[in-house]
There are 2 protein chains.
Amino acid sequence: MRMNEGVEWAAHVCVLLHWAEEGGDAPVPATRLAAAYDLPTAYLVKQLQALGRAGLTESVPGRRGGVRLARPAARITLMDVVAAIEGPDDAFACTEIRRQGMNAERPARDFAQPCGVAHAMREAELAWRRALAATSIADLAGSTPAGRAADARRFLAAP
Amino acid sequence: MRMNEGVEWAAHVCVLLHWAEEGGDAPVPATRLAAAYDLPTAYLVKQLQALGRAGLTESVPGRRGGVRLARPAARITLMDVVAAIEGPDDAFACTEIRRQGMNAERPARDFAQPCGVAHAMREAELAWRRALAATSIADLAGSTPAGRAADARRFLAAP
DNA sequence: TCAAACCTGGATATGTTTTGTCCAGTAAGG
DNA sequence: CCTTACTGGACAAAACATATCCAGGTTTGA
């Protein structure tokens, strides 16, 4: 059960976009974002498109165009980023094996009560999501060593 | 980020093994466990081997052999099962992209402080694991509708 | 004793997802 | 009108999940 690498990319890129916005350098072209962390441009673009579809970023086409955050970094959480890249599905997918084999003859109403395994898994994922929702892009930006933001802005704005 | 189907199988199978133990019918052969939920035997066997390596189950070779829980169901949690099947790695793998591209020239000591993204992801996974650890196989068995356990024992003990 | 019923580990095959590239189409600025 | 950008779709390679099979070892009961 490994998470898409795109989640890491997207989280860091969102922090960059936040810094760019603060410095008045938004929007930032995808090529520049890829260069900032030496990521494969074409593939990063795919992840950025997912962020856009999820409403976290908006993009400006044409020359001097690029990508920017669609709302303040304080209102974009890691949960939003994970959901945008990974999609809406839970990690655990209950396939209701309890209805098969020795229970195949039972009527469907015998399984009205949700499966205990699925329920516990769901609760655990909710705890995970709550924790992710507790950290915003602004929080991540704020926890970065001093001066790093200014350096990033300088890089992003460079010709 | 989807979880192995084997986790669902293993959780349900552990509940079956608990019931079998209660009824004095342990150990249970893998073929019988597979039949109980109509699972592909050979592949279920692989998952059972993972449970064994993790110390959750022990197996008895030879005729009248099979698999049984290695300790009381109350002391086996969903966390144990997930870790046994999925392996020890976190879902989120930090690849330290922050050190690349615009930061490639920085000395390693600039990154002594762990990455904020990785830290937040780690905290969220810990919350997930804590939640999983709060549910034991005995809890799952206890939340099953009355009579289901006896039926399962009857099936597992059948010729 | 020996055959049947078990488990183990490794090799192998197949299908799906992730990762990554490329291209044709569209939009905006100078 | 040409360059720089984004978008969406098609496509390819690698990684992983799923599934099967086989050769080797253990125990039990006939």
Side-chain angles (χ1 to χ4, degrees), chain A residues 1-10 13 17 20 25-35 37-54 56-68 70 82 85-87 89 91-93 95 97 156 158-159, chain B residues 1-10 13 17 20 25-35 37-68 70 82 85-87 89 91-93 95 97 156-159:
Chain A
M1 188 193 48
R2 195 148 137 277
M3 193 176 299
N4 280 357
E5 213 177 346
V7 170
E8 184 185 14
W9 300 2
V13 159
L17 290 177
D25 297 323
V28 183
T31 47
R32 206 76 196 130
L33 291 171
Y37 289 125
D38 196 21
L39 304 173
T41 306
Y43 192 34
L44 175 64
V45 164
K46 283 272 177 276
Q47 317 288 357
L48 291 173
Q49 287 175 7
L51 294 182
R53 278 192 297 273
L56 304 192
T57 60
E58 50 196 26
S59 53
V60 182
R63 219 172 159 191
R64 314 279 323 171
V67 180
R68 72 189 329 154
V82 169
I85 303 293
E86 288 284 335
D89 291 346
F92 179 85
T95 61
I97 61 170
L156 294 175
Chain B
M1 187 191 50
R2 195 149 137 274
M3 193 177 297
N4 279 358
E5 212 177 347
V7 170
E8 185 185 12
W9 300 2
V13 159
L17 291 178
D25 297 322
V28 182
T31 47
R32 206 75 197 129
L33 292 171
Y37 290 127
D38 196 22
L39 303 173
T41 306
Y43 193 35
L44 175 65
V45 164
K46 283 271 177 279
Q47 316 289 357
L48 291 174
Q49 286 175 7
L51 293 182
R53 279 193 296 273
L56 305 192
T57 60
E58 51 196 25
S59 53
V60 182
R63 219 174 157 180
R64 314 277 324 172
V67 181
R68 71 191 326 154
V82 169
I85 302 293
E86 288 285 334
D89 292 346
F92 179 84
T95 61
I97 60 170
L156 294 175

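Chain letters run A, B, ... following the sequence lines, proteins first and then strands; every chain starts at 1. On a predicted model such as this, the values are computed, not experimentally measured, just so you know.
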Inset, instruction - Determine whether more than 12 heavy atoms belonging to other residues, nucleotides or ligands lie under 6.0 Å from atom CZ of B:R68. - result: yes
Inset, instruction - Name the nucleic acid region contacted by A:G52, choosing base, sugar-phosphate or nothing; use a 4.0 angstrom heavy-atom cut-off, strictly under. - result: nothing
Inset, instruction - Measure the OG1-OH distance between A:T95 and B:Y37 for me, rounded to the nearest 0.5 Å. - result: 11.5 Å
Legend entry - Side-chain N,O (B:R53) to OP1/OP2 (C:dG9) below 4.0 Å: yes
Inset, instruction - Check every atom of C:dA5, C:dT8, C:dT18 against the side chain of B:S59 and return the nucleotide holding the closest atom. - result: C:dT8
Inset, instruction - Report which part of the nucleic acid A:M1 touches: base, sugar-phosphate, or nothing (heavy-atom distance under 4.0 Å, all strands). - result: sugar-phosphate
Inset, instruction - Look at the side chain of B:R63 and decide which nucleotide, out of D:dG29, C:dG20, D:dC6, has an atom nearest to it. - result: D:dG29
Inset, instruction - Round to a whole Å and report the spacing from CE of A:M3 to P of C:dT19. - result: 11 Å
Legend entry - B:L156 side, atom CG; B:L33 side, atom CG - distance, nearest 0.5 Å: 6.5 Å
Legend entry - Most 5' of A:P61 and B:L48 on DNA chain C, judged by nearest nucleotide: B:L48
Inset, instruction - Answer with base, sugar-phosphate or nothing: what part of the nucleic acid does B:R32 contact at a heavy-atom distance below 4.0 Å? - result: nothing
Inset, instruction - Would you check if A:I85 and A:Q47 make a side-chain contact, meaning some heavy-atom pair closer than 4.5 Å? - result: yes
Legend entry - Whole-Å distance separating the CD atom of B:E58 from the C1' atom of D:dT26: 16 Å
Legend entry - Side chain of B:Y43 - closest among C:dT21, D:dT7, D:dT18: D:dT18
Inset, instruction - Round to the nearest Å and state the distance from A:D89 atom CG to C:dT16 atom P. - result: 16 Å
Legend entry - Separation of C:dC22 C1' from A:Q49 CD (nearest whole Å): 13 Å
Legend entry - Position toward the 5' end of DNA chain D (nearest nucleotide), B:E86 or A:P29: A:P29
Inset, instruction - Whole angstrom is fine here: how far is it from CG in A:L39 over to P in C:dT21? - result: 11 Å
Legend entry - Between C:dT21 (P) and A:L44 (CG): distance, integer Å: 11 Å
Legend entry - Toward the 5' end of DNA chain C, by each residue's nearest nucleotide, A:E5 or A:V60: A:E5
Inset, instruction - Would you mind telling me which residue lines up with the more 5' stretch of DNA chain D, A:G62 or A:R2, judged by nearest nucleotide? - result: A:G62
Legend entry - Minimum side-chain heavy-atom gap B:V28-B:L17 below 4.5 Å: yes
Inset, instruction - Take atom CD of A:Q47 and atom P of C:dT18, then tell me their distance rounded to the nearest Å. - result: 11 Å
Legend entry - Closest nucleotide among C:dC7, D:dT20, C:dT19 to the B:V67 side chain: C:dC7
Inset, instruction - Return the value, rounded to whole Å, for the distance between atom NZ of A:K46 and atom C1' of C:dT19. - result: 12 Å
